[in-house]
> 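Would you mind keeping the following structure in view while I ask a few things?
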Amino acid sequence: TDKKLIDEELREHKEIYQILFESAMDGISIVDQHYEKIIDVNQAWMKMYGYDKDDIVKISSWDIAADPTEVKTSLRETFKEDRGYITKRFHRKKDGTVFPVEISGKKVKVAGKNTLFVIARDITDREHAEQKLKRAHDELEIRVQQRTSELTKVNYELQRNIEAIQLTQKELRESKERYRNLVETLNEGLGVLDLNGAVTYANPSLCSMLGYEMQDLMGKSMRMFMDSTNRSILRLMSEKISRGEKINVDLEFIRSDGE
């Protein structure tokens with residue numbers, strides 16, 4: 001008969017619902033609107049909270065909430081506005097352990113009564129992972145700040161060294177310029193020779209004394225401007241200088257005009 005077919009279909013639907021209800025990985029509970037009593041729960045819920053079937057008839061939503069005031073607020077808003085919700089809460093297990101859960105709730109009719117269908121997921125591991133990630137991020141930020149501070153200090157020291165070098169170079173240029181001005185304005189002839197006796201510098205007074213231009217003297221051996229006697233004296237002078245000795249001798253030169 002039609003009634004028998006309907007009853008059979010309802011029985012099958014109930015069995016399907018029961019299988020889905022009990023095999024769900026998340027904890028599922030059905031809560032009475034008026035008394036906030038827990039009407040039914042699945043195996044995952046009991047495992048999560050540490051209760052067994054005999055305990056269910058004795059507890060309400062207040063017993064599993066770490067903060068009971070949140071229960072009243074969630075139930076009132078859900079049933080009043082007839083809307084679902086997803087939120088994070090802290091719940092309490094049978095042994096008193098408080099743990100974080102992500103819960104979603106929806107108002108449903110069961111046997112003509114308003115009930116709340118609640119799915120709870122333990123997010124302890126996720127919270128720990130997020131905290132660990134945050135600590136790692138904070139530690140990285142600290143290391144970046146420390147490294148930035150170190151680089152700033154190094155850059156500051158480098159800039160100071162560069163400025164000191166630039167100042168030294170400037171002072172050397174100025175000192176060299178003062179020395180050149182002094183040498184070039186001397187009335188006495190001044191020349192600089194290498195160890196081979198070649199001219200590397202001659203001031204204007206020396207050029208004037210010998211009757212040559214600067215370019216005519218540069219690189220030339222001073223022996224070219226001496227007689228044999230003075231060349232011998234120059235050779236001895238060079239030997240002593242190469243040994244690090246200090247000497248003071250008088251030399252005679254031959255001018256460009258032969259005098």
Side-chain angles (χ1 to χ4, degrees), residues 5-144:
L5 290 175
I6 293 173
D7 290 342
E8 180 66 22
E9 186 176 352
L10 288 173
R11 185 184 64 78
E12 289 177 356
H13 285 172
K14 184 177 180 180
E15 289 178 356
I16 293 172
Y17 160 77
Q18 195 64 31
I19 291 171
L20 293 174
F21 186 72
E22 293 298 342
S23 62
M25 301 295 291
D26 293 326
I28 301 175
S29 60
I30 300 175
V31 182
D32 181 85
Q33 174 185 1
H34 300 292
Y35 303 103
E36 293 145 13
K37 281 286 188 179
I38 297 176
I39 300 172
D40 197 10
V41 297
N42 66 349
Q43 290 293 327
W45 190 97
M46 289 187 289
K47 181 179 179 181
M48 185 186 305
Y49 289 90
Y51 290 97
D52 54 36
K53 278 290 186 182
D54 294 334
D55 296 319
I56 302 307
V57 296
K58 306 172 188 176
I59 62 175
S60 68
S61 298
W62 300 86
D63 297 306
I64 64 171
D67 182 0
T69 59
E70 294 178 344
V71 176
K72 196 74 176 178
T73 301
S74 295
L75 291 174
R76 183 174 62 250
E77 290 180 356
T78 302
F79 285 119
K80 178 181 179 181
E81 300 183 18
D82 192 22
R83 61 177 177 82
Y85 69 91
I86 299 177
T87 189
K88 173 187 170 181
R89 292 281 187 269
F90 284 95
H91 281 182
R92 192 184 307 277
K93 298 184 180 183
K94 185 178 180 180
D95 64 6
T97 301
V98 175
F99 66 107
V101 291
E102 183 179 78
I103 59 175
S104 57
K106 184 74 173 73
K107 176 182 174 182
V108 294
K109 285 276 190 179
V110 176
K113 296 180 180 180
N114 285 332
T115 61
L116 185 63
F117 189 81
V118 181
I119 299 175
R121 176 174 296 175
D122 186 347
I123 58 173
T124 301
D125 291 342
R126 189 174 79 187
E127 291 275 289
H128 288 166
E130 289 175 353
Q131 291 171 5
K132 185 176 180 181
L133 182 62
K134 184 179 183 303
R135 284 196 300 271
H137 178 269
D138 292 343
E139 290 172 1
L140 180 60
E141 283 290 326
I142 291 173
R143 287 199 295 271
V144 168

> Going by the rule side-chain contact (heavy atoms from CB on, under 4.5 Å), which residues pair with Asp125 if we only count those two or more places apart in sequence or in a different chain?
none

> Apply side-chain hydrogen bond (donor to acceptor under 3.5 Å, both in side chains) to Asp26 and list each qualifying residue two or more places apart in sequence or on a separate chain.
Arg121

> Any heavy-atom pair between the side chains of Asp67 and Phe90 that's under 4.5 Å?
no

> Return the set of residues passing side-chain hydrogen bond (donor to acceptor under 3.5 Å, both in side chains) with Gln43 (not counting sequence neighbours), or none when no residue passes.
none

> Would you give the length of the straight line joining atom CZ of Arg135 to atom CG of Leu140, rounded to the nearest 0.5 angstrom?
14.5 Å

> Extract all donor-acceptor atom pairs below 3.5 Å that involve side chains of residues 48-56 and protein atoms in other chains or at least two apart in sequence.
residue : atom : partner : partner atom : Å
Tyr49   : OH   : His91   : ND1          : 2.6
Asp52   : OD1  : Asp54   : N            : 3.2
Asp52   : OD1  : Asp55   : N            : 3.2
Lys53   : NZ   : Asp40   : OD1          : 3.1
Lys53   : NZ   : Val41   : O            : 3.2
Asp55   : OD2  : Asp52   : N            : 3.0
Asp55   : OD2  : Lys94   : NZ           : 3.0

> How far apart are the closest heavy atoms of Phe117 and Ile30, and which atoms are they?
CD1-CG1, 4.0 Å

> With Ala129, which residues qualify under side-chain contact (heavy atoms from CB on, under 4.5 Å), at least two apart?
none

> Restricting to side-chain contact (heavy atoms from CB on, under 4.5 Å), what partner residues turn up for Leu133, sequence neighbours left out?
none

> What residues form a salt bridge (charged side-chain N to carboxylate O under 4.0 Å, His left out) with Glu22, not counting sequence neighbours?
none

> At their closest point, which heavy atom of Val101 faces which heavy atom of Asp122, and how far apart are they?
CG1-CA, 4.3 Å

> Going by the rule salt bridge (charged side-chain N to carboxylate O under 4.0 Å, His left out), which residues pair with Lys132 if we only count those two or more places apart in sequence or in a different chain?
none

> Can you tell me how far the CG atom of Leu116 sits from the OG atom of Ser29, to the nearest 0.5 Å?
7.5 Å

> Does Lys37 offer a backbone N or O that forms a donor-acceptor pair with the side chain of Asp32 under 3.5 Å?
no

> Rounded to the nearest 0.5 Å, what separation is found between the CG atom of Leu20 and the CG atom of Asn42?
11.0 Å

> Which residues pass the salt bridge (charged side-chain N to carboxylate O under 4.0 Å, His left out) test with Lys47, sequence neighbours left out?
none

> If you measure from OG1 on Thr87 to CD on Glu102, what distance do you get to the nearest 0.5 Å?
8.5 Å

> For the residue pair Lys134 and Glu130, establish whether any side-chain heavy-atom pair is separated by less than 4.5 Å.
no

> Do Arg92 and Val98 come within less than 4.5 Å of each other through their side chains, counting heavy atoms only?
yes

> Please enumerate all residues that pass side-chain hydrogen bond (donor to acceptor under 3.5 Å, both in side chains) together with Lys88, with sequence neighbours excluded.
Glu127

> Can you name the salt bridge (charged side-chain N to carboxylate O under 4.0 Å, His left out) partners of Asp63, sequence neighbours left out?
none

> Which residues pass the side-chain contact (heavy atoms from CB on, under 4.5 Å) test with Val57, not counting sequence neighbours?
none

> For residues Ala24 and Ala44, report the shortest heavy-atom separation together with the two atoms involved.
O-CB, 3.5 Å

